Amino acid sequence: MDSPHGAAVKAEDFGLKGPRGWAFRGVDVDAAPGTLIAIEGPSGSGRTCLLLALTGRMKPTAGRAEVAGLPLPKRMGAVRRLAGLGPVPGVNDLDQALTVGEQLREGALLQRRYEGPLRALLRPPGSRGKAAAARIDAALDAVGLDPETLPKGLRTSVRDLDRLEAVRLSLALALLGAPRLLALDDVDLKLSDTEREEAWELLRSIAASGTTVLAVCSQAPEGVRVVRTEPGAEPADPAGPAGAEDRTDDDTKGADDALAETGRA
């Protein structure tokens, strides 16, 4: 049963085959809203493709799946609108030329532009600014990123963040859209053991708040729901024939537009 906040994720014999072969196949998932799900496997085993398929960014070619009761691939557009992307290299990278504050303000602006109701655009500028600031503060608090701990506060350059700080910032940007499903890639990449524990504890806290979390990793910690991908499958090209631009719902935008519009939030 789904909840008003989190999204249930179900899949049966789920798979995606691209021009160079299977990216992943035979995946089964049955997770309630508010579950932390680790997609575990070695590099090249289709982990990222599975993440993108379950968030409506890539079109599956085998099996069945649904997110919040929405079937894939038929309702890919609707799934994208309820799923937020944290860090996924090559899809929604942070802008290294911006400061932390600029990145957050851009994220809030894009949320209001693409996903906010029309009446929000008609509010006085001062009111919109206060609402955006409140959303930013709430998102930063949820990911444990205190600007006061950064060298120059919100004026700190994104390029000067360490790996865990950058993960927290990416997650904050995703949470600005209040997603029911939150997904991130390579959660344990380039982190020390202590930082890895902090990252997983953060994801547990987000899931405990009711948001379903999908996290790609090399090795999942104990106590986490694990979905494993098998090595040997060729990775599919997200922009190729089996990628995000090949869809069956009513969204006719190109793959780049879809990823930009949904991935920055």
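Source: prediction; values computed, not measured.
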query = V27 pairs by side-chain contact (heavy atoms from CB on, under 4.5 Å) with which of L16, L50, I39, D13?
reply = L50
message = What's the separation between atom CZ in R163 and atom CZ in R196, rounded to the nearest 0.5 Å?
response = 10.5 Å
task = Report yes if the side chains of L72 and V79 come closer than 4.5 Å at any heavy-atom pair, otherwise no.
result = yes
task = Could you tell me which non-hydrogen atom of L175 sits nearest to which non-hydrogen atom of A139, and how far apart they are?
result = CB-CB, 4.3 Å
key: Check: G34 main-chain N/O paired with T212 side-chain donor or acceptor under 3.5 Å   = yes
ask   = Are any non-hydrogen side-chain atoms of L171 and L203 less than 4.5 angstrom apart?
value = yes
task = Could you list the residues that satisfy side-chain hydrogen bond (donor to acceptor under 3.5 Å, both in side chains) with E198, not counting sequence neighbours?
result = R168
ask   = For the residue pair A172 and V143, what are the closest heavy atoms and their distance?
value = N-CG1, 3.7 Å
request  = Would you give the length of the straight line joining atom CZ of F24 to atom CG of L51, rounded to the nearest 0.5 angstrom?
outcome  = 10.0 Å
task = Please report the C-alpha distance between V100 and L150 in whole Å, then the side-chain angles of each, then the deciding distance to 0.1 Å, and finally whether the side-chain contact (heavy atoms from CB on, under 4.5 Å) criterion is met.
result = CA-CA 9 Å; V100 171; L150 301 177; 4.0 Å; yes
request  = Using the side-chain contact (heavy atoms from CB on, under 4.5 Å) rule, take L82 and L70 through it: C-alpha gap first, then chi angles, then the decisive distance, then the call.
outcome  = CA-CA 10 Å; L82 64 83; L70 300 167; 3.6 Å; yes
query = For the side chain of S209 and the backbone of I206, is there at least one donor-acceptor N/O pair under 3.5 Å apart?
reply = yes
Salt bridge (charged side-chain N to carboxylate O under 4.0 Å, His left out) partners of R64, counting only residues at least two apart = E12
ask   = If you round to the nearest 0.5 Å, how far is CZ of R81 from OG1 of T55?
value = 13.5 Å
query = According to the salt bridge (charged side-chain N to carboxylate O under 4.0 Å, His left out) rule, which pairs have a member within residues 22-34, sequence neighbours left out?
reply = none
task = Keeping to residues at least two apart or across chains, list the salt bridge (charged side-chain N to carboxylate O under 4.0 Å, His left out) pairs with something in residues 142-154.
result = none
task = Tell me, please, which residues at least two apart from E102 pass salt bridge (charged side-chain N to carboxylate O under 4.0 Å, His left out).
result = none
inquiry  = Suppose we screen for salt bridge (charged side-chain N to carboxylate O under 4.0 Å, His left out). Which residues come up paired with E40, at least two apart in sequence or across chains?
reply    = R228
inquiry  = Suppose we screen for side-chain contact (heavy atoms from CB on, under 4.5 Å). Which residues come up paired with D162, at least two apart in sequence or across chains?
reply    = L164, E165
request  = For R180 and A7, indicate whether the former's side chain and the latter's backbone hold a donor-acceptor pair under 3.5 Å.
outcome  = no
Residues which pass side-chain contact (heavy atoms from CB on, under 4.5 Å) with S157, listed by chain and number, not counting sequence neighbours = R159, D160
message = Run the side-chain contact (heavy atoms from CB on, under 4.5 Å) test against D95 and tell me which residues pass, sequence neighbours left out.
response = A97, L98, Q103
inquiry  = Side chains of M58 and C49, heavy atoms from C-beta outward: is any pair under 4.5 Å?
reply    = yes
query = What residues, two or more places apart in sequence or in another chain, satisfy side-chain contact (heavy atoms from CB on, under 4.5 Å) together with R204?
reply = L36, W200, E201, P221, V224
request  = Evaluate the side-chain proximity of R57 to L85: yes if any heavy-atom separation is below 4.5 Å, no if none is.
outcome  = yes
query = So, for A83 and P179, which heavy atoms are closest and what is the spacing to 0.1 Å?
reply = C-CB, 4.2 Å
key: Residues forming a salt bridge (charged side-chain N to carboxylate O under 4.0 Å, His left out) with R225, sequence neighbours excluded   = none
message = With side-chain contact (heavy atoms from CB on, under 4.5 Å) as the criterion, how do L104 and L140 come out once you've worked through the C-alpha distance, each side chain's angles and the decisive distance to 0.1 Å?
response = CA-CA 9 Å; L104 287 164; L140 289 175; 4.0 Å; yes
key: Nearest non-hydrogen partners of P60 and P73, listed with the distance   = CD-CB, 3.8 Å
Expected output: side-chain D93 to main-chain G90 donor-acceptor under 3.5 Å = yes
ask   = Taking N92 for the side chain and V88 for the main chain, is one N or O donor matched with an acceptor at less than 3.5 Å?
value = yes
request  = Please step through side-chain contact (heavy atoms from CB on, under 4.5 Å) for the pair V213 and T35, ending with a clear verdict.
outcome  = CA-CA 6 Å; V213 180; T35 301; over 6 Å; no
Listing, residues 181-192 side-chain donor-acceptor contacts under 3.5 Å, not counting sequence neighbours, or none:
| from | atom 1 | to | atom 2 | distance (Å) |
| --- | --- | --- | --- | --- |
| D185 | OD1 | T48 | OG1 | 3.2 |
| D185 | OD2 | T48 | OG1 | 2.8 |
| D186 | OD1 | R47 | NH2 | 3.2 |
| D188 | OD1 | S218 | N | 3.3 |
| D188 | OD2 | S218 | N | 2.9 |
| D188 | OD2 | Q219 | N | 3.3 |
| S192 | OG | E195 | N | 3.2 |
| S192 | OG | E195 | OE1 | 3.4 |

Minimum heavy-atom distance C217-A38, with the two atoms named = SG-CB, 4.0 Å
